[in-house]
Structures are given as C-alpha cells and as structure tokens.
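Structure record follows, encoded as structure tokens.
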Amino acid sequence: MAEASVLFLRACLAALAMPIYLLSFLGIWEPFCRKIFFPFFLERFSAIHERKTKKQKQELFRNLPDFTGTSGELKLLEIGTGCGANFQFYPPGCKVTCTDINPNFQQGLSRSMNKNQHVHYERFLVAAGEDLHQVPSGSVDAVVCTLVLCSVHNVNGTLKEVLRVLRPGGAFYFLEHVAADRSSWKYFWQQVCYPTWKLVFAGCCLTREIWKNLEQASFSELNIQHISVTLPWTPIQPHIIGYAVK
C-alpha cells in the first residue's frame with residue numbers, strides 16, 4: 001500500500017514538473033541547470049542553510065587548527081566548494097585548495113573569497129570527488145565536504161580519495177543531509193520526492209545513508225552526530241555532522 005502511494009505521488013509530482021522533464025528529454029535542462037539555475041539556487045540556499053547551521057559549523061570546525069601538519073601551516077582541501085559557504089569558519093592563514101565538478105560558481109565564489117581574506121586560496125580544481133588525481137597522496141591536513149556526498153556518483157569512491165589525499169593523522173570534516181528513519185513520514189516523503197528532486201537539483205539524492213559509508217571506510221576514528229536542521233517544507237532536514245581521522 002505504501003509503495004503504491006509513493007508511486008502515485010511520484011507521478012503527481014512529475015506531472016507538476018513536466019516542463020523540466022521535457023527540457024531534460026530535449027537535452028536542455030542539464031546544461032541550463034549546471035550553468036545558470038544551480039549556481040543561482042545554491043548561493044541563496046547556502047545563505048539559508050548557513051544561518052540554520054552556523055552554531056553547529058562553528059563547533060565542528062573549532063578543532064581544525066589541531067590538525068596542522070609539521071610545516072606549521074594548515075593545508076586544507078575542500079570537495080565541492082560551490083560558493084564558498086565554509087570559508088568563514090576556517091582558521092586564519094590556512095591554505096585552501098578548492099575543488100568542484102561544476103566550474104560555474106565563480107561569481108559566488110569570488111564574493112565569498114573577498115569576504116574571507118583571512119584564508120590563503122591556493123588553487124581551484126575542476127574535479128569530481130571520486131577523482132582527485134591532481135592532488136598528491138598524503139598532501140593535505142584536512143578535507144572538508146558539506147552537502148556534497150548526496151550528489152557524488154560514488155560515495156565510497158569519494159571517501160577512498162579522501163583517505164588517499166589526507167596525511168596520516170589528518171581529518172575529514174563533513175555535514176550532509178541523509179535519509180530519514182525508514183519508518184518515518186519524512187522518509188516516505190523523501191521517497192516521493194526522490195526522482196524529481198534529483199532531476200531539478202543536479203543529481204542530489206535524498207535517501208543516502210551516508211553514515212554507513214563512513215562507518216565502513218578505513219578511518220581510525222569517527223566522530224558523528226545525527227541532527228535535524230530546521231528547513232520547513234523540504235525533505236532534507238535529517239543531517240549528519242562530524243569528523244573522521246585517518
């Protein structure tokens with residue numbers, strides 16, 4: 001019965017979003033989304049999400065300086081930098097390498113860089129989380145990834161790359177929306193929204209149990225907390241936050 005309800009409601013939602021499905025069929029939506037819609041949407045959504053999670057992020061990144069390497073400079077790699085919503089939380093003088101699979105965030109990214117000149121920006125790489133071959137193995141002290149693992153093609157592949165580029169003793173920081181409890185109404189609506197949400201929001205998957213991938217990865221230490229972020233009328237309220245040590 002529940003499965004039939006999900007399928008029916010999915011069809012209703014798809015009918016409402018039919019123009020986008022049609023544009024996708026014609027090959028128009030994806031390039032428009034990547035170049036125009038998603039950068040525009042993400043900058044505005046990031047501002048809302050940042051207000052809702054500012055205290056949690058401040059607490060999360062508080063111990064970043066503890067992972068500074070022997071060079072005396074904290075070398076940080078951010079996967080899926082987007083518009084640079086995390087820069088304000090990084091310690092002064094840290095060296096940041098930015099990566100994103102989508103190179104069309106430059107305007108928002110430049111604005112964020114100008115606001116956060118306490119950080120030294122090393123370079124920007126167009127790269128997927130699963131393929132960071134431009135970054136040498138064991139070369140960074142910390143990796144940051146927020147609201148990105150929902151849309152990578154391979155979560156385990158991305159975590160494998162994280163472990164490769166981190167030096168021994170380095171840390172991986174994360175804040176991700178995840179699947180709700182499978183017995184909850186939130187999970188029901190995540191299932192309903194899943195196909196249309198993924199199409200509209202550049203491959204974002206609603207029902208990933210990312211904490212399981214983290215538990216199965218080869219980290220020596222995992223600090224993780226399940227939280228709920230107040231984002232009314234959205235299916236992305238359940239989150240995980242924490243850091244893992246190589």
Side-chain angles (χ1 to χ4, degrees), residues 1-53 79-85 99-112 126-131 145-155 157-158 175-180 182 184-210 228-240:
M1 185 65 180
E3 190 174 337
S5 299
V6 167
L7 292 174
F8 173 74
L9 291 169
R10 275 184 178 180
C12 293
L13 192 56
L16 290 171
M18 188 54 67
I20 295 177
Y21 278 91
L22 180 59
L23 289 173
S24 178
F25 176 76
L26 295 172
I28 297 171
W29 174 253
E30 281 78 5
F32 170 78
C33 179
R34 186 171 62 252
K35 293 179 182 178
I36 299 172
F37 170 74
F38 199 61
F40 173 85
F41 165 80
L42 187 64
E43 188 170 6
R44 281 142 190 85
F45 173 76
S46 293
I48 296 169
H49 192 271
E50 189 274 324
R51 286 199 300 271
K52 303 286 188 180
T53 60
I79 299 174
T81 305
C83 300
T99 75
D100 206 294
I101 196 171
N102 187 342
N104 298 295
F105 294 112
Q106 290 299 332
Q107 287 186 341
L109 191 59
S110 295
R111 280 192 286 270
S112 187
V126 178
E130 303 92 334
D131 183 9
C145 187
T146 61
L147 301 182
V148 172
L149 294 178
C150 58
S151 56
V152 297
H153 292 301
N154 187 321
V155 176
T158 300
L175 171 62
E176 300 287 342
H177 71 81
V178 293
R182 292 195 178 202
S184 67
W185 277 107
K186 286 180 182 178
Y187 186 74
F188 174 83
W189 287 110
Q190 284 179 335
Q191 288 182 296
V192 169
C193 296
Y194 185 96
T196 299
W197 185 276
K198 186 177 181 182
L199 173 65
V200 174
F201 297 111
C204 176
C205 298
L206 293 172
T207 57
R208 287 184 174 173
E209 297 173 326
I210 297 169
S228 181
V229 177
T230 309
L231 296 165
W233 305 104
T234 74
I236 57 169
Q237 295 185 54
H239 281 58
I240 55 170

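Side-chain contact check for Ile101 versus Val152: every heavy-atom pair is 4.5 Å or farther apart. Looking at Val155 and Glu176, their side chains never come closer than 4.5 Å, going by heavy atoms from C-beta outward. Looking only at side-chain heavy atoms (C-beta outward), Phe105 and Asp100 come within less than 4.5 Å of each other. Taking 4.5 Å as the limit, some side-chain heavy atom of Glu209 sits within range of a side-chain heavy atom of Arg182. At least one side-chain heavy atom of Arg111 sits under 4.5 Å from a side-chain heavy atom of Glu43. In this structure the side chain of Cys205 never reaches within 4.5 angstrom of the side chain of Thr207, judged on heavy atoms.
Between the OH atom of Tyr187 and the CG atom of Leu206 there is a distance of 10.5 Å, given to the nearest 0.5 Å. Remark: Leu149 CG to Asn154 CG distance equals 10.5 Å, nearest 0.5 Å. Distance check: Cys150 SG to Arg208 CZ gives 7.5 Å after rounding to the nearest 0.5 Å.
Remark: side-chain polar atoms of Gln191 are not paired, donor with acceptor, to backbone N or O of Glu3 under 3.5 angstrom. When atom types are taken as modelled, the side chain of Thr99 and the backbone of Val126 share no donor-acceptor pair closer than 3.5 angstrom. Side-chain atoms of Glu130 come within 3.5 Å of backbone N or O of His153 as a donor-acceptor pair. Remark: side-chain polar atoms of Ser46 are paired, donor with acceptor, to backbone N or O of Leu42 under 3.5 angstrom.
Taking every heavy atom of both residues into account, Thr158 and Ile79 meet most closely at CG2-CD1, 4.3 Å. The minimum heavy-atom distance linking Asn102 with Asn104 is given by the pair OD1-ND2, 2.7 Å. Ser184 approaches Ala180 most closely through the heavy-atom pair OG-CB, 3.6 Å. For the residue pair Cys83 and Ser112, the shortest heavy atom distance occurs at O-CB, 3.1 Å. The two atoms that bring Lys186 and Ser228 nearest to each other are NZ-OG, 4.0 Å, heavy atoms only. Leu175 and His239 make their closest contact through CD1-CD2, 4.0 Å (heavy atoms, listed as atom of the first residue, atom of the second, distance).
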Practice problem: Take His177 and His49, measure what side-chain hydrogen bond (donor to acceptor under 3.5 Å, both in side chains) needs, and give me the verdict at the end. | Solution: CA-CA 11 Å; His177 71 81; His49 192 271; over 6 Å; no
Acceptor/donor pairs from residues 193-201 side chains to any protein atom, 3.5 angstrom cut, sequence neighbours excluded:
residue : atom : partner : partner atom : Å
Thr196  : OG1  : Tyr21   : OH           : 2.8

Would you mind writing out the side-chain donor-acceptor pairs for residues 33-41 within the sub-3.5 Å range, not counting sequence neighbours?
none

